[in-house]
> 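Submitted below is the structure of interest, expressed as structure tokens.
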Amino acid sequence: MITVTRISKGKGPFYQVELSEGDSLKVSEDILVRYRLLKGQELTEETIEEIKKSSGFDFGLQQALNYLSYQLRSEKEIRTYLKEKEIELADRNKIVDRLKELDLINDLVYGESYVRTNVRLSDKGPKKIAQQLQQKGLKPEIIEQALLQYPEEEQIAIASQTAEKLFNKNHGKSHKELFRKIQQNLMTKGFTQEAIQQAIAHLPQETDEDAEYEALVSQGDKLWRKNERFEPKKRNLKIKQSLYQKGFDLEMIQRFIVEKEEASE
């Protein structure tokens, strides 16, 4: 028989039970009472195994409750956390079932909260948020339902705000290239095509020719220096191709090249 040699208060709601053969048990107060654990008590190996199994559940449940005390978690996050804490699979399943009974795990509630937070604090579109929820283990039908918290008018408003900020940060880009960059950025952030089109439609559509030519000159000067080692025909062709790919008008490009050639003579 194995004897309990010492019982001491451990961290949190747990007790440390020292055994005569050198092993120790970490148990909750509930197990302490259930098995009437006292100093000097004799235990069979079968009883010790039962206590260990019960302790794994109790310890894991307490860890999960602590983890949930900071913020909502998805079922996958809880399972991953318990696995990292080396809780046995059978106990992990029991803990998750218990937390569901207590309504402390609810992937729909989690998903809806996640969507509302991102709508309020980020500039992500619905596709990006859906991707993140999928990574957190939510099922497609739950994600679809959670995204109802992100109405279409809200998507368009956030996409438009993001597009406007990008438009105002135009640093020497052509009007066409700037619009391409904005569209690409909004796609990366996960907005729908409809929201992107409406956001871009809210931007100034007319090209400011003076600002456009100023941007062209800024980029053209760099290209001129880069290609000035080539003979004039090849140099001019390379500059034309590069500036055209950047969205500048061919007539403006030709004007720039003529001015540069006149200035070089």
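What's counted below: heavy atoms across the whole structure, side chains too, no hydrogens, waters or symmetry copies.
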> To the closest 0.5 Å, what do you measure between CG (Leu178) and NZ (Lys181)?
10.0 Å

> Which residue pairs pass the side-chain hydrogen bond (donor to acceptor under 3.5 Å, both in side chains) test when at least one of the two sits in residues 84-93, sequence neighbours left out?
Arg79-Asn93

> Around atom NZ of Lys233, are there more than 12 heavy atoms of other residues, nucleotides or ligands at under 6.0 Å?
no

> Please tell me whether Ile143 and Phe191 are part of a single hydrophobic cluster in this structure, the criterion being side-chain heavy atoms less than 4.5 Å apart.
yes

> Is there a side-chain contact between Gln16 and Ile7 (heavy atoms, below 4.5 Å)?
no

> In chain order, what residues pass the salt bridge (Lys or Arg N to Asp or Glu O under 4.0 Å) check against Arg34, with sequence neighbours excluded?
Asp30

> Between Thr3 and Gln41, does the side chain to side chain contact (heavy atoms under 4.5 Å, CB included) criterion hold? Intermediate values first, please.
CA-CA 6 Å; Thr3 306; Gln41 181 182 355; over 6 Å; no

> Are more than 12 heavy atoms, taken from residues, nucleotides or ligands other than Glu259, located less than 6.0 Å from that residue's CD atom?
yes

> Side-chain donor-acceptor pairs under 3.5 Å in residues 236-254, sequence neighbours left out?
from	atom 1	to	atom 2	distance (Å)
Asn236	ND2	Pro232	O	3.4
Asn236	ND2	Glu261	OE2	2.8
Lys240	NZ	Gln254	OE1	2.9
Ser242	OG	Lys238	O	3.1
Lys246	NZ	Gln219	OE1	3.4
Asp249	OD2	Glu251	N	3.0
Asp249	OD2	Met252	N	3.3

> Test of understanding: clusters of I, L, V, M, F, W, Y form through side-chain heavy atoms closer than 4.5 Å, transitively. Do Val109 and Leu147 belong to the same one?
yes

> If the condition is salt bridge (Lys or Arg N to Asp or Glu O under 4.0 Å), which residues does Glu21 pass it with, not counting sequence neighbours?
none

> Drop me the distance from Leu99's CG to Asn106's CG, to the nearest 0.5 angstrom.
12.0 Å

> Any chance you could measure Glu18, atom CD, to Ser8, atom OG, to the nearest 0.5 Å?
6.0 Å

> With clusters built from Ile, Leu, Val, Met, Phe, Trp and Tyr whose side-chain heavy atoms come within less than 4.5 Å, directly or transitively, what are the remaining members of the cluster of Val258, listed by chain and number?
none

> Grab the two heavy atoms, one from Ala159 and one from Ala195, that are nearest each other, plus how far apart they are.
CB-O, 4.1 Å

> Could you check His202, Gln198, Lys165 and say which one makes a side chain to side chain donor-acceptor pair (under 3.5 Å) with Ser160?
His202

> Between Arg235 and Glu231, does any NZ, NE, NH1 or NH2 come within less than 4.0 Å of an OD or OE carboxylate oxygen?
no

> How long is the gap from CG on Leu43 to CD on Glu46, to the nearest 0.5 Å?
11.0 Å

> So which heavy atom on Ala199 is nearest to which on Leu186, and how close?
CB-CD1, 4.1 Å

> Linking I/L/V/M/F/W/Y whenever their side-chain heavy atoms sit closer than 4.5 Å, directly or via other members, would Ile158 and Ile156 fall into one cluster?
no

> Would you say Leu108 ends up clustered with Val119 if hydrophobic residues are merged whenever their side chains have heavy atoms under 4.5 Å apart, either directly or through other cluster members?
yes

> Taking ring pair (Phe, Tyr, Trp, His ring centres under 6.0 Å) as the cut-off, I'd like each qualifying pair that reaches into residues 40-96, sequence neighbours left out, listed once.
Phe14-Phe59, Tyr67-Tyr81

> Side chains of Ile2 and Glu45: does their closest heavy-atom pair fall under 4.5 Å?
yes

> What pairs meet the side-chain hydrogen bond (donor to acceptor under 3.5 Å, both in side chains) rule with one or both residues in residues 51-60, with sequence neighbours excluded?
Asp23-Lys52, Ser28-Asp58

> Can you give the donor-acceptor pairs under 3.5 Å from side chains of residues 131-140 to other protein atoms, not counting sequence neighbours?
from	atom 1	to	atom 2	distance (Å)
Gln132	OE1	Tyr114	OH	3.0
Gln132	OE1	Lys124	NZ	3.3
Lys136	NZ	Glu77	OE2	3.1

> If I compare all heavy atoms of Leu82 with all of Gly60, which pair ends up nearest, and what's the gap?
CD2-O, 3.4 Å

> Quick one: pull up NZ in Lys127 and OG1 in Thr192 and give me the separation to the nearest 0.5 Å.
6.5 Å

> According to the ring pair (Phe, Tyr, Trp, His ring centres under 6.0 Å) rule, which pairs have a member within residues 136-155, sequence neighbours left out?
none

> Got Leu19 and Thr5 here, is their nearest side-chain heavy-atom distance under 4.5 Å?
no

> Identify, with sequence neighbours excluded, every residue that meets ring pair (Phe, Tyr, Trp, His ring centres under 6.0 Å) alongside Tyr110.
none

> I'd like to check the ring pair (Phe, Tyr, Trp, His ring centres under 6.0 Å) partners of Tyr35; sequence neighbours left out, ordered by chain and number.
none

> Within the distance-only criterion (no hydrogens, no angle test), does the side chain of Asn168 pair as donor or acceptor with the backbone N or O of Glu164 below 3.5 angstrom?
yes

> Is it possible for you to say whether Leu104 and Leu72 belong to one hydrophobic cluster, with membership spreading through side-chain heavy-atom contacts below 4.5 Å?
no

> What side-chain donor-acceptor pairs closer than 3.5 Å can you find for residues 220-228, not counting sequence neighbours?
from	atom 1	to	atom 2	distance (Å)
Asp221	OD1	Lys260	NZ	3.2
Asn227	ND2	Leu223	O	2.8

> Give a yes/no verdict on a cation-pi contact between Lys26 and Tyr15, requiring under 6.0 Å between NZ or CZ and the six-membered ring centre and an angle within 45° of the axis.
no

> Are any side-chain N or O atoms of Ser218 and backbone N or O atoms of Glu214, one a donor and one an acceptor, separated by less than 3.5 Å?
no

> Enter the distance from Leu32:CG to Leu38:CG here, rounded to the nearest 0.5 Å.
7.5 Å

